[in-house]
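What follows is a short report on a single structure.
Hydrogens, waters and symmetry mates play no part in the numbers below; they use all other heavy atoms, side chains included.
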Amino acid sequence: MPLTVQKFGGTSIANATHIKSAAKRVIKTYSAGNKVVVVVSARGRMTDELLELAYEINDRPSSRELDMLLSTGEQMSSALMAMAIHSLGYPAVSFVGRQVGITTDSFHTNARIISINANRIMEELSQDKIVVVAGYQGVDENDNITTLGRGGSDTTAVALAAMLKADICDIYTDVDGIYTADPHIVPEARKLTKISYDEILELASMGAQVVHVRSIELAKNYNVPIRVRPSFNDGTGTLICKEVSEMEKIVVSGATVTKNEAKITIIGVYDKPGQAAKIFRELAKENVNVDMIIQNIGAHGLTDVTFTVLKGDLPIALATTERIKGEIKAKKIIADDKIAKLSVVGVGMRSHCGIAERLFSTLSDEKINIQMISTSEIKISCVIEEGQAERALIAVHRAFELDKEPQAFTRGA
Ligand code: ADP
Ligand code: ASP
Ligand code: MG
């Protein structure tokens, strides 16, 4: 019998009415002859509210206790979803991550799934029950509750789909699918019918929160087809799948902007071998994830090094660089947390040129200064001033004609 994993995000189950209509969707799939595993997020803004409450009580809450707290949002949703299914006359049973053997590492608030023991789920499915699992959580080997990072319910859903060899993983959300840019920022954004794992991986890593980055890594590794679908209508959404040759004709398939990074510049670093190694070794020791890095050509034996880190890591990154300032003989350290990173992504970039030029010209026409640039095979990112983020995204979306069907752009490229 085919098996479907259906994941419902926070807005899709925000209140009783939404939970009931999500339950009807589950039952429709079940009644059509599928085994169904449902994964639920916390309702509405529940996770944000729990976080706000935690920080009201303690400005540096323990990450273990945060996980104890945050995981409850998903637990509530799972019980409510099972009740909604019961009220419609169908069998369902709810579980938290720990009960279905989701084991993670011990990185509280950002844990990774290590293994899943699917026996319990299989047993319930074999009794024809709909299994509802609280997303976003697991347990480490010392029996501490962990959470998988913001947006992590998608990863629970894909991990279960991979483990159970599901035929499809449907991610129900508050938009009609994956668009060429966030439709809440770019009204003319176009919904994509299909997108490759690599493209959505880059878009999600660069800030498109529509799906959790790690869920895509898993889906790609285990070949799990994902559909991102609307919960509030019957649209077919966007299929995330392996790259097919037709995709290469589309040079740029999406654009995104993120404001979650900050920039540090170390001015007047003594220009000799081993300096960069020293800086980034010390940052790595503090678990600071560095994203973009640029080092200028040295002059008079001195050089400047600029890099970006997640905003939340800025205090520790600053403290670390200040600590080694003397050792690397740096003159000054400057931080800027009012930056945004704009990215354009497309597998077609591998075989087309001129993308960087078009991107830079567009920003120049908008009088937007580029502070940093980084590229990968299928992506170009620019750091710009935070206040210009939305305007830049709209302009770039227009310049690459992302609102038009791809053939139009291909001819123009
Ligand atoms: P959920 O609660 O269902 O997990 P999320 O808020 O995590 O939903 O993700 C859905 C949101 O992602 C949308 O409301 C939209 O604003 C945002 N988003 C960002 N980039 C994109 C994109 N390229 N396509 C669609 N949605 C996007
Ligand atoms: N509830 C968690 C969050 O808001 C996880 C999720 O929704 O996927 O980040
Ligand atoms: Mg989400």
K341 and side chain to side chain donor-acceptor pair (under 3.5 Å): which single residue from T256, N260, D291 fits? D291
Do the side chains of K338 and E385 get close enough for a salt bridge, i.e. N-O under 4.0 angstrom? no
Anything under 3.5 Å between a donor and an acceptor, one on a side chain of residues 262-272, the other on a protein residue two or more places apart or in another chain? List them.
{"from": "K263", "atom 1": "NZ", "to": "Q371", "atom 2": "OE1", "distance (Å)": "2.7"}
{"from": "T265", "atom 1": "OG1", "to": "T306", "atom 2": "OG1", "distance (Å)": "3.2"}

Under a plain distance cut-off of 3.5 Å, with no hydrogens placed, do R214 and N110 share a side-chain donor-acceptor pair? yes
Using only heavy-atom distances, determine whether the side chains of S78 and Q75 contain a donor-acceptor pair under 3.5 Å. no
I'd like to know if R190 and E401 make a salt bridge, using a cut-off of under 4.0 Å between side-chain N and carboxylate O. no
What one should report as the nearest heavy-atom pair of S196 and V347 is OG-CG1, 3.8 Å
Sequence neighbours left out, what passes side chain to side chain contact (heavy atoms under 4.5 Å, CB included) with D365? Give chain and number order. none
Salt bridge flag under 4.0 Å for residues R227 and D170: yes
Under 3.5 Å, is there a donor-acceptor pair between the D67 and N144 side chains? no
Measure centre to centre between the rings of F280 and F307, then say whether the value is under 6.0 Å. yes
Among side-chain atoms of Q137 and T156, is any donor-acceptor pair under 3.5 angstrom? no
If you take all heavy atoms of A159 and I116, which pair is closest and at what distance? CB-CD1, 3.7 Å
Check: T147/S71 side-chain N/O donor and acceptor closer than 3.5 Å: no
Would you mind listing every side chain to side chain donor-acceptor pair (under 3.5 Å) that reaches into residues 17-30, with sequence neighbours excluded? Q6-T29
Under-4.0 Å salt bridge between E243 and R350: yes
